[in-house]
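Here's the structure we're looking at; comments come further down.
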Amino acid sequence: MGSLIPFQDLNLLPDPATSPSTAATAITPALIFPKIEPKLEPFDAPTLPLQSFPENPSPNFFVNSGQLPFVGPGSNPNDTVFSQTPEGSPEENNVYSEYYRISELFRTAFSKRMENLGNIDVLDPDSRAIVPVPEETRISNVVVSRRRDQRSSELVRVTDLTIDHVRYFRDLVRRTRMLYDALRIFSMMEEEKRREVGLITRRSRGDLRAAKLMKDRGLWLNRDKRIVGSIPGINIGDLFLFRMELCVVGLHGQAQAGIDYLPGSRSSNGEPIATSIIVSGGYEDDQDEGDVLIYTGHGGQDKFSRQCDHQKLEGGNLALERSMHYGIEVRVIRGIKYEGSVTGKVYVYDGLYKIHDSWFDVGKSGFGVYKYKLLRNEGQAEMGSAILRFAENLRISPLTVRPVGYLCEDISTKKENVPVFLFNDIDGDNEPMYYEYLPRTVFPLHAYNLGGNGSGCDCVAGCTDDCVCARRNGGEFAYDQNGFLLRGKPVIFECGSFCRCPPTCRNRLTQKGLRNRFEVFRSRETGWGVRSLDLIQAGAFICEYAGVVLTREQAALFSMNGDTLIYPNRFTDRWAEWGDLSKVYSDYVRPMHPSIPPLDFAMDVSRMRNLACYMSHSSCPNVLVQFVLYDHHNLLFPRLMLFAMENIPPLRELSLDYGVADEWTGKLPICN
DNA sequence: GCCTGCTCAATACC
DNA sequence: CGGTATTGAGCAGG
């Protein structure tokens, strides 16, 4: 029997595009990842110090000696940082910030702000935790200071990351993006509530609010260095739904402009250098053929994006020209239309390009434009935008696009809402066809008898925030209106058969089954794996991890027979990371209620299973396990529901943290 | 440091 | 639904 879940860590595998020779050979960690010290390659300074890799992104806040800086909720862009300091001369302790002795006027304004905003938080400079300030210390001797939050002018390239760094940065980027998403959704829900009450008429933008909250707290990444080339933790093919998110992770620093660059006024030799561009079809003279790209400079457009004037060789246009002159690579992000994303658009990181030519041309509307011919660097992973396009064709007619490799058009035999394909173009293995497909976990009868069940809500017209089921979840629903997980909880109570709400109730998310088309596919690196033909948005429900539940005694018998078992309590608690706002709100309480006892059951997947069984392990996974109850309320037997932890591009392999103690020698949750 | 102008956003609203 | 008006943010440059 082939291995059910491969032993390798998905994230530790080499990229087949860059290391084709290792793909087919036996994989050992030492072979693939020789230890290389990370180094930065300076452009101008020959003795640039090695970059240290901090535990947290470096805060843009100054640190007073012995004083804690106040961090306001940041509604006013002109005074984001407040600090309290004794009488005397605070300046001598701080080289970054400017101090203003607070005037009577400002004191009043400040206390008003505090009245309006409630909590004022402190960023502890040592622990980086955000803690509330005692009421009585707030007003006295307040000095307002501000540090201009400017991007660094130090130009560096990051090379030779060790596998530990790769993993660290991947995780850092993922956590940052999870926080951004959580903030975006929460601030939009907050606004919606205020709008319903009539406090405001117009909704403000969640994407901008989330970015600002994070910026005020120093949570944007890569602002202490200007990185040329790839950004640690961001892979080719990574997807972003909001332009601001690119700023937050440091992939592209311009909120709207398409060319990001270090301005000449801040570079060592007085010449601007481009670092990244966004190609989103906004310029009529662009010609995009993937590997070869004719990019138009910016400028000369009116407010309706119509070319109305000649472009000038300045700003980003000059920076691109200079980058060409020095042969410096540029990150390329494509903004493409994509049905099924919330914004109808998606930004894809497509890797590094070099500018090979530039010239001044007459554009389609008769105005002079600057043009740049960019060629994609060799040896990079496949372009994310090409995969997106390929996946779109695949969804329309899979057999035309990939005539070879489909073993089965639906291993679920219509038990799921959508077909689950089986694909193997590598070898003759067709093992998944021989298992009975089990869309939902089967619990023993006594699971339904124990525990408090039978009571549900009476919300015939749809559930409200104060109904029985909402209260059971700690006074809120776990999913938003669009069906995304808001924040992870120890367990979620969905509405069920004992509720009177309609089937359209938003608190019935996971019981409705699959929403994306998946395929189980054969891979040389991970054995069998699972991937989606659709973009799966962060927070979206994927599927249940299904099996037949066994008690401890039954499990003991089964393991003696050598059958394959899953132990739910071994999955790492990744749900706790989802929707955690403690980095931003001091009064944020992690959801601990309702708590569940340690799980003491196993699931047999040796005869009946669903697609989840084929997901690979990763210590840096893109899928999390969330316990959910809906057909009974027995806390001893929750269902294992899988949610996306990040935007998962089509055809990217899904991975779960099975809670392996050590990737290479530790035990897997599946035991034979 | 302060202000202005610019920008291949995103959303509301008609 | 599509166009456009509104709100809005960072950043470069003076």
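None of the values given here were measured: they were computed from a predicted structure. The chains referred to below are lettered A, B, ... by the order of the sequence lines, with proteins before strands, and numbering in each begins at 1.
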#### Entry: Nucleotide forming a Watson-Crick or wobble pair with dT4(B), both distances under 3.5 Å
dA12(C)
### Summary
Re dT4(C): Watson-Crick or G-U wobble partner, both distances kept under 3.5 Å, found to be dA12(B)
### Query
Atom CG of Asn222(A) and atom CG of Leu251(A): how far apart are they, to the nearest 0.5 Å?
9.0 Å
For a quick test of reading the model: is some side-chain N or O of [X] closer than 4.0 Å to OP1 or OP2 of [N]?
| X | N | value |
| --- | --- | --- |
| Arg226(A) | dC11(C) | no |
| Lys312(A) | dC6(B) | no |
| Arg205(A) | dT6(C) | no |

Separation of [N] [atom2] from [X] [atom1] (nearest whole Å):
| X | N | atom1 | atom2 | value |
| --- | --- | --- | --- | --- |
| Asn482(A) | dT11(B) | CG | P | 11 Å |
| Lys212(A) | dA10(B) | NZ | C1' | 18 Å |
| Leu246(A) | dG10(C) | CG | C1' | 13 Å |
| Gln311(A) | dC8(B) | CD | C1' | 11 Å |
| Met244(A) | dA10(B) | CE | C1' | 11 Å |
| Asn317(A) | dC8(B) | CG | P | 10 Å |
| His252(A) | dA12(C) | NE2 | C1' | 13 Å |
| Lys345(A) | dC8(B) | NZ | C1' | 7 Å |

### Task
Specify whether Phe643(A) and Tyr479(A) have parallel, tilted or perpendicular ring planes, treating 30° as the upper limit for parallel and 60° as the lower limit for perpendicular.
parallel
By nearest atom, which of the nucleotides [options] is closest to the [X] side chain?
| X | options | value |
| --- | --- | --- |
| Ala257(A) | dT7(B), dG13(C), dA10(B) | dT7(B) |
| Phe242(A) | dC11(C), dT11(B), dG13(C) | dT11(B) |
| Arg266(A) | dG10(C), dA12(C), dC11(C) | dA12(C) |
| Arg243(A) | dA9(C), dC8(B), dC11(C) | dC8(B) |
| Arg223(A) | dC8(B), dC11(C), dG13(C) | dC11(C) |
| Lys215(A) | dA9(C), dC11(C), dA10(B) | dC11(C) |
| Leu208(A) | dA9(C), dC8(B), dA12(C) | dA9(C) |

### Ile278(A) side chain near Arg243(A) side chain, heavy-atom distance below 4.5 Å
yes
### Message
Pick the closest DNA chain B nucleotide for Gln256(A) and for Tyr347(A) by heavy atoms, then say which residue is nearer the 5' end.
### Response
Gln256(A)
### Under 3.5 Å: donor-acceptor pair, side chain of Asp350(A), backbone of Gly384(A)
yes
### Query
Distance-only, no hydrogens or angles: does the Arg376(A) side chain make a donor-acceptor pair with backbone N or O of Tyr353(A) under 3.5 Å?
no
### Message
Under 4.0 Å, heavy atoms only, any strand: does Gly253(A) hit a base, just the sugar-phosphate, or nothing?
### Response
sugar-phosphate
### Task
Report yes or no: do Glu646(A) and Asn622(A) form a side-chain donor-acceptor pair below 3.5 Å?
no
